[in-house]
Amino acid sequence: MRAWNRAKLLWAYLRRKTKPNGLPVEYIVETTAKCNLYCPMCPRETHAQPKADMAAEIFDRLVEESGPSAEHMMLIGLGEPFLDPRIFERIEYCARHGISTLLSTNGTLLDEAMAERILSGPLESITLSFDGATKESFEFYRKGARFEKVRDNFVRFCRMKKERGARVEVVVQMVRMERNAGEVEEFTRFWRAVPGVDQVRIKEDETNLMRPQAGHAAADWKYPCHYLWRGPMYVKQNGDVYPCCQSYMLDGQPVGSLASSQSIHEIWNSGEMQRMRRLHAEGRAGEIEVCSRCCTTIPHPLLVVGSLALHGRTVRRLLPAIERLTYLARLPRRLLRPASQR
């Protein structure tokens with residue numbers, strides 16, 4: 001069923017069809033809007049968030065409706081996942097529907113007891129966000145967190161994972177920005193030496209808060225954005241659904257709501273989604289305001305085809321390696337077209 005769903009999405013992407021017969025392979029699901037840190041590159045700084053969790057009815061309906069086709073859910077958003085009291089129930093609910101899950105955490109709550117719960121559950125991948133190799137840069141970007149405490153939490157978790165032979169994939173990630181750009185080598189060297197770390201990821205900044213003039217020129221939109229045919233769609237804590245996480249952060253409007261009677265299928269092929277696909281297919285994505293200001297890297301169609309030929313779980317595991325090879329110039333730069341200052 002899932003492979004057939006991917007085949008239908010691939011056909012729709014290649015044919016530039018505005019109404020795919022399949023449903024998204026991936027979703028970004030914001031199970032909580034609560035966070036305990038303040039970070040200058042986070043959209044929370046410009047988009048006030050409620051101190052609230054996603055209602056169980058919304059989450060359960062999303063999983064049930066998308067279950068036959070969804071392969072991967074990232075239970076992340078503008079909140080810290082471990083502030084959601086139901087987070088472990090939600091991970092298990094996804095697993096019962098055959099959906100793999102990923103979390104990203106700031107590490108402030110990752111004590112030994114929390115680590116035990118994660119390692120004994122069905123979570124398939126966790127990203128440990130650690131934006132810097134020095135106390136100064138880390139605490140500048142992660143206001144409210146202590147460098148030594150978070151680093152120790154992450155190191156302990158990785159070693160526990162190694163000792164138990166746990167199956168969860170561990171990715172330690174740094175978003176490269178102005179203050180930490182010179183620390184990439186030191187960051188990579190330290191975390192590659194920690195037992196239990198599967199990948200070290202240096203991610204480019206995909207928000208425009210630290211570089212407001214960034215975006216894609218009209219010429220960049222030679223190929224349509226894969227998000228509109230493959231996903232991940234972004235589901236906010238209140239049930240509002242956006243074409244992608246960038247569209248919310250750039251003040252776009254939701255294309256539907258799971259808090260209403262709309263189904264995920266109706267939202268996926270809503271009038272606005274079809275309009276956006278049509279403009280992308282015609283090379284006119286720059287006419288869509290949120291797309292013109294987007295900072296997300298645009299992948300070459302060859303990578304999009306690969307992302308639909310493989311299971312969503314596999315794609316997520318390969319992504320950091322593809323990025324690393326491209327940024328190191330071992331793969332053609334045109335495979336990943338990043339945003340630039342305009």
Side-chain angles (χ1 to χ4, degrees), residues 24 26-66 73-94 101-110 114 123 126-127 129 131 141-145 150 175 205-210 212 227 231-264 266-268 270 272 289-290 293-296:
E26 292 186 307
Y27 296 83
I28 296 174
V29 186
E30 184 182 86
T31 71
T32 183
K34 298 180 296 189
C35 192
N36 56 351
L37 297 184
Y38 296 91
C39 308
M41 68 289 193
C42 178
R44 294 181 65 89
E45 300 299 297
T46 54
H47 296 67
Q49 302 295 307
K51 295 181 178 180
D53 305 313
M54 178 177 281
E57 303 78 49
I58 293 175
F59 183 84
D60 292 353
R61 186 156 76 87
L62 170 63
V63 172
E64 289 161 8
E65 289 186 7
S66 66
M73 281 194 180
M74 292 164 274
L75 306 184
I76 55 179
L78 297 187
E80 163 57 39
F82 293 122
L83 287 173
D84 175 5
R86 295 192 182 97
I87 191 61
F88 292 103
E89 296 172 28
R90 302 191 203 264
I91 294 168
E92 290 166 1
Y93 195 65
C94 286
T101 48
L102 172 149
L103 291 183
S104 177
T105 179
N106 61 35
T108 55
L109 304 175
L110 192 57
M114 182 72 77
L123 182 69
I126 186 167
T127 298
S129 296
D131 291 323
Y141 289 121
R142 297 279 170 172
K143 295 187 182 342
V150 175
V175 177
D205 181 18
E206 293 184 345
T207 72
N208 64 353
L209 295 179
M210 306 294 285
Y227 285 168
M233 288 195 94
Y234 184 43
V235 185
K236 282 289 292 174
Q237 163 270 327
N238 63 358
D240 285 349
V241 182
Y242 293 81
C244 63
C245 59
Q246 291 288 325
S247 58
Y248 168 75
M249 298 170 191
L250 293 171
D251 302 313
Q253 295 301 306
V255 292
S257 174
L258 288 172
S260 68
S261 59
Q262 288 180 293
S263 69
I264 195 65
E266 290 171 330
I267 296 170
W268 178 239
S270 63
E272 179 58 15
E289 202 228 347
V290 295
R293 296 166 55 211
C294 177
C295 289
T296 298

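Remember, it's a predicted structure, so these values are computed and weren't measured experimentally.
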Participant: May I ask you to test the Cys39-Arg44 pair for a side-chain heavy-atom distance under 4.5 Å?
Facilitator: no
Participant: Main chain of Ser263, side chain of Glu266: is a donor-acceptor contact present, judged purely on distance under 3.5 Å?
Facilitator: yes
Participant: Using side-chain heavy atoms (C-beta onward) and a distance below 4.5 Å, is Ser257 in contact with Val241?
Facilitator: no
Participant: Distance alone, cut at 3.5 Å: any donor-acceptor contact between the side chains of Glu26 and Tyr227?
Facilitator: no
Participant: Looking at every heavy atom in both Val29 and Leu62, which two are closest together, and how far apart are they?
Facilitator: CG2-CD2, 3.6 Å
Participant: Is Tyr93 close to Asp60 at the side-chain level, that is, under 4.5 Å between some pair of heavy atoms?
Facilitator: yes
Participant: List the atom pairs, donor and acceptor, that lie under 3.5 Å between side-chain atoms in residues 50-59 and the rest of the protein, sequence neighbours left out.
Facilitator:
{"from": "Asp53", "atom 1": "OD1", "to": "Thr32", "atom 2": "OG1", "distance (Å)": "2.7"}
{"from": "Asp53", "atom 1": "OD1", "to": "Lys34", "atom 2": "NZ", "distance (Å)": "3.3"}
{"from": "Asp53", "atom 1": "OD2", "to": "Lys34", "atom 2": "NZ", "distance (Å)": "3.3"}

Participant: Are Ser104 and Ile126 close enough that some pair of their side-chain heavy atoms sits under 4.5 Å apart?
Facilitator: no
Participant: Quick one: do Asp84 and Thr31 satisfy side-chain hydrogen bond (donor to acceptor under 3.5 Å, both in side chains)? Show the steps, please.
Facilitator: CA-CA 7 Å; Asp84 175 5; Thr31 71; 2.8 Å; yes
Participant: For the OG1 atom of Thr101 and the CG atom of Leu123, what is their distance to the nearest 0.5 Å?
Facilitator: 4.5 Å
Participant: Evaluate the side-chain proximity of Pro232 to Met74: yes if any heavy-atom separation is below 4.5 Å, no if none is.
Facilitator: yes
Participant: Check whether NZ of the Lys or CZ of the Arg Lys236 lies under 6.0 Å from the centre of the six-membered ring of Tyr248 and within 45 degrees of that ring's axis.
Facilitator: yes
Participant: Quick one: salt bridge (Lys or Arg N to Asp or Glu O under 4.0 Å) partners of Glu65, sequence neighbours excluded?
Facilitator: Arg61
Participant: So, for Ser247 and Val290, which heavy atoms are closest and what is the spacing to 0.1 Å?
Facilitator: O-CG1, 4.1 Å
Participant: Within the structure provided, determine whether Pro243 and Tyr234 are in side-chain contact (heavy-atom separation under 4.5 Å).
Facilitator: no
Participant: Does any non-hydrogen side-chain atom of Leu258 lie less than 4.5 Å from one of Ile267?
Facilitator: yes
Participant: Could you grab the distance from atom SG of Cys245 to atom CD1 of Ile76, nearest 0.5 Å is fine?
Facilitator: 8.0 Å
Participant: List the steps and the verdict of side chain to side chain contact (heavy atoms under 4.5 Å, CB included) for Met233 and Ile28.
Facilitator: CA-CA 6 Å; Met233 288 195 94; Ile28 296 174; over 6 Å; no
Participant: Give, for atom CG of Leu102 and atom OG1 of Thr127, the distance between the pair rounded to the nearest 0.5 Å.
Facilitator: 4.5 Å
Participant: Quick one: do the Asn36 and Glu80 side chains pair a donor with an acceptor below 3.5 Å?
Facilitator: no
Participant: Within the side chain of Thr105, is there an N or O that forms a donor-acceptor pair under 3.5 Å with the backbone of Gly107?
Facilitator: yes
Participant: Looking at every heavy atom in both Leu83 and Cys35, which two are closest together, and how far apart are they?
Facilitator: CD1-CA, 3.6 Å
Participant: What closest approach, in Å, do Gly256 and Gln262 show between heavy atoms, and which atom pair accounts for it?
Facilitator: CA-OE1, 3.3 Å
Participant: Got Val150 and Asn106 here, is their nearest side-chain heavy-atom distance under 4.5 Å?
Facilitator: no
Participant: Shortest non-hydrogen contact from Leu78 to Glu30?
Facilitator: N-OE2, 2.9 Å
Participant: Provide the closest heavy-atom pair for Asn238 versus Ala259 in the form atom of the first, atom of the second, distance.
Facilitator: O-CB, 3.7 Å
Participant: Residues two or more places apart in sequence or in another chain: which of them pass side chain to side chain donor-acceptor pair (under 3.5 Å) with Glu289?
Facilitator: Arg293
